[in-house]
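Per chain, numbering begins at 1; letters A, B, ... match sequence-line order. Atom set for the values below is all heavy atoms of this structure, side chains included, hydrogens, waters and symmetry mates excluded.
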Protein chains: 2
Amino acid sequence: MTAPTDHKLIYYIKKWVKNISEDDEKLILSAFEPITVKKKKDLLEPDETCKYIYFVIKGCLRSYYVDAKGIEHIYQIRLDNSWISDLESFFSQRPSKYYLETLEDSQLLRVSYERLEQLYDEVPKLERYFRILFQKAYINALERLNATMWESAVDRYNDMLKEHGDIFQRVPLVYIASYLGITPESLSRIRKKH
Amino acid sequence: MTAPTDHKLIYYIKKWVKNISEDDEKLILSAFEPITVKKKKDLLEPDETCKYIYFVIKGCLRSYYVDAKGIEHIYQIRLDNSWISDLESFFSQRPSKYYLETLEDSQLLRVSYERLEQLYDEVPKLERYFRILFQKAYINALERLNATMWESAVDRYNDMLKEHGDIFQRVPLVYIASYLGITPESLSRIRKKH
DNA sequence: TCGCACACTTGACCTATGTTAAGAAATGAA
DNA sequence: TTCATTTCTTAACATAGGTCAAGTGTGCGA
């Protein structure tokens, strides 16, 4: 492990919260457990309670659920330097409806529900970081909702290409289609008309 | 004003954060300014920076934007005991794209950006409350996104009737249609087939 | 290096919802 | 009470995107 201040997680926290002390950094890092997960492994399955929230050091994950007809619906795709979990299950500590799966071999940091709750008391600055993180996540989710309601599939595809072009390099189009809220066939037709 | 502990705002904060001291309560209440706003008044217009976040004591508000064709798209409708703002503009302190409008005569509490930032330092428990609030808002937004992508308009209408039936008593159907992501004509057809 | 999943494309047809336009019903100000 | 405005409904027609079914590649494990 690199020196705390050079650590990726700390770097991203400091982007949003200033004046984190050395002690805080150490405390934070000690609470997170690094894990390595092979491609196509489930970190969470329906009916399990989501025990961890994950920071992606390197890799790629998706979260999705399977509807009554057996169709997968993807609601998150995450690459390096982002957070993933099923927050609904994590924060309520009740069974999840979702799968959480690696799409590539991934290096992750995870923190358990109990440890994070403690950590909020020990390092209030971390709670600030999460307040800001959820705030931004909420704003993004509303933007995505807006686009899904009121923009055409073509526009949503172009927006995604522009803002998350890297995902197209690493994730099969079937998953991207589902994330965009359309069928793979529709995505294929959109791409044909460049 | 009633005694702090009886105050609606404090009541809702205590629902999620325990052990708020009397002093904290007083500090919180002193930071929020009560205002009364007549029906059909704008609290925010596009290109203004959103200065406040509002707690609705009593009343009804919507937030919406107007697209290039001049069509209004509603993304939030809020009744008593909930929060409303344009968080994107509020937290970045940059110009908004949205309108924020009262749909009924309303009693609100508002806190400014600067005061809230101070208050987070003075009352860390309040920052915890907002962390939890945004967390829940984010989870809700994802649920709504999911429904918009993968459920029919009929199902979304029924879900809304079940979970926010009170809105139908107080808000014109045009607004509800927009909130559901459909046209008023479609909503009318859905309602005809009860 | 073979073969078989998996990923992606294509085409014919279908359906939910949008669009346009008109009118009916409800509300509220004079 | 009346008229104007806002809200809601209805109908005919249009269309984006879904569904079903049949392909064509293509990469990886044996």
Side-chain angles (χ1 to χ4, degrees), chain A residues 38-41 60 62 64 66-74 77 99 101-105 144-161 167-194, chain B residues 38-42 60 62 64 66-74 77 99 101-105 144-161 165 167-194:
Chain A
K38 287 263 168 236
K39 187 174 173 169
K40 289 271 166 194
K41 295 284 174 219
C60 180
R62 65 169 177 148
Y64 66 99
V66 178
D67 72 15
K69 291 178 195 153
I71 296 166
E72 293 181 358
H73 300 287
I74 295 180
I77 296 177
Y99 287 90
E101 186 199 40
T102 51
L103 296 178
E104 297 175 358
D105 294 354
R144 206 174 140 204
L145 178 69
N146 227 36
T148 303
M149 279 186 174
W150 305 113
E151 283 174 28
S152 69
V154 179
D155 289 348
R156 272 178 284 144
Y157 169 76
N158 286 325
D159 289 352
M160 185 161 174
L161 250 189
I167 292 182
F168 288 80
Q169 260 47 64
R170 294 166 66 174
V171 175
L173 292 175
V174 224
Y175 297 159
I176 293 173
S178 178
Y179 181 85
L180 286 171
I182 58 178
T183 59
E185 293 93 332
S186 282
L187 182 55
S188 189
R189 276 181 278 241
I190 287 169
R191 287 163 60 82
K192 196 166 57 160
K193 309 177 215 149
H194 18 26
Chain B
K38 285 263 168 236
K39 187 176 176 167
K40 289 271 166 194
K41 295 285 174 217
D42 288 326
C60 179
R62 64 169 178 149
Y64 66 100
V66 178
D67 72 15
K69 291 180 196 151
I71 296 166
E72 292 181 359
H73 301 286
I74 294 179
I77 297 176
Y99 287 89
E101 187 199 42
T102 50
L103 297 179
E104 297 176 356
D105 295 354
R144 207 175 139 203
L145 178 69
N146 226 35
T148 304
M149 279 186 174
W150 306 114
E151 283 173 29
S152 69
V154 180
D155 289 349
R156 272 177 284 144
Y157 170 77
N158 286 326
D159 288 353
M160 184 160 175
L161 250 189
I167 292 183
F168 287 80
Q169 260 47 64
R170 294 165 68 174
V171 175
L173 292 175
V174 223
Y175 297 158
I176 292 173
S178 177
Y179 181 85
L180 286 171
I182 58 178
T183 58
E185 293 90 337
S186 283
L187 182 55
S188 190
R189 276 183 286 241
I190 288 168
R191 287 163 59 83
K192 195 167 58 162
K193 309 177 218 149
H194 24 23

Q) Between atom CD1 in Ile190(A) and atom P in dC8(C), what is the gap in whole Å? A) 15 Å
Q: Indicate yes or no: at least one non-hydrogen side-chain atom of Phe168(B) is less than 4.5 angstrom from one of Tyr157(B).
A: yes
Q) Does a side-chain N-to-carboxylate-O contact under 4.0 Å join Glu104(B) and Arg170(B)? A) yes
Q | Nearest-angstrom distance from the residue atom CD1 of Ile182(A) to P of dT17(C) | A | 17 Å
Q: Would you indicate which nucleotide in dT9(C), dC8(C), dT7(D) comes nearest to any side-chain atom of Pro172(A)?
A: dC8(C)
Q) Side chain of Arg156(B): nearest nucleotide among dT17(C), dG17(D), dC8(D)? A) dT17(C)
Q: Sugar-phosphate atoms are those with a prime plus P, OP1 and OP2; base atoms are the rest. Using that split, label each nucleotide of nucleotides 19-30 of chain C B, S or - for protein heavy atoms under 4.0 Å, 5' to 3'.
A: BBB---------
Q.
Pick the closest DNA chain C nucleotide for Ala153(B) and for Ser188(A) by heavy atoms, then say which residue is nearer the 5' end.
A. Ser188(A)
Q) Would you say the side chain of Ile167(B) lies within less than 4.5 Å of the side chain of Met160(B), judging by non-hydrogen atoms? A) yes
Q: Return the value, rounded to whole Å, for the distance between atom CG of Leu173(A) and atom P of dT10(C).
A: 12 Å
Q. Expressed in angstrom and rounded to an integer, what is the separation of Leu187(A) atom CG from dA16(D) atom C1'?
A. 15 Å
Q.
Let me confirm one number: the CZ-CG distance from Arg144(A) to Leu180(A), rounded to the nearest 0.5 Å.
A. 8.0 Å
Q.
Can you see if the side chain of Lys40(A) gets near the phosphate of dC28(D) - specifically, an N or O under 4.0 Å from OP1 or OP2?
A. no
Q: Could you tell me the separation between the CD atom of Glu151(B) and the C1' atom of dG18(D), rounded to a whole number of Å?
A: 17 Å
Q: Dump the intermediate steps for side chain to side chain contact (heavy atoms under 4.5 Å, CB included) on Tyr64(A) and His73(A), then the final yes or no.
A: CA-CA 5 Å; Tyr64(A) 66 99; His73(A) 300 287; 5.8 Å; no
Q: In whole angstrom, give the distance that lies between atom CZ of Arg191(A) and atom C1' of dT9(C).
A: 11 Å
Q) For Asp159(A), which residues count as a side chain to side chain contact (heavy atoms under 4.5 Å, CB included) partner, sequence neighbours excluded? A) Glu151(A)
(Q) Check whether Tyr175(A) forms a cation-pi arrangement with Arg62(A) (NZ or CZ under 6.0 Å from the six-membered ring centre, at most 45° off the ring normal). (A) yes
Q. What is the distance, rounded to the nearest whole Å, between atom NZ of Lys192(A) and atom C1' of dG11(C)?
A. 9 Å
(Q) Output the rounded distance in Å from CE (Met149(A)) to C1' (dT17(C)). (A) 14 Å
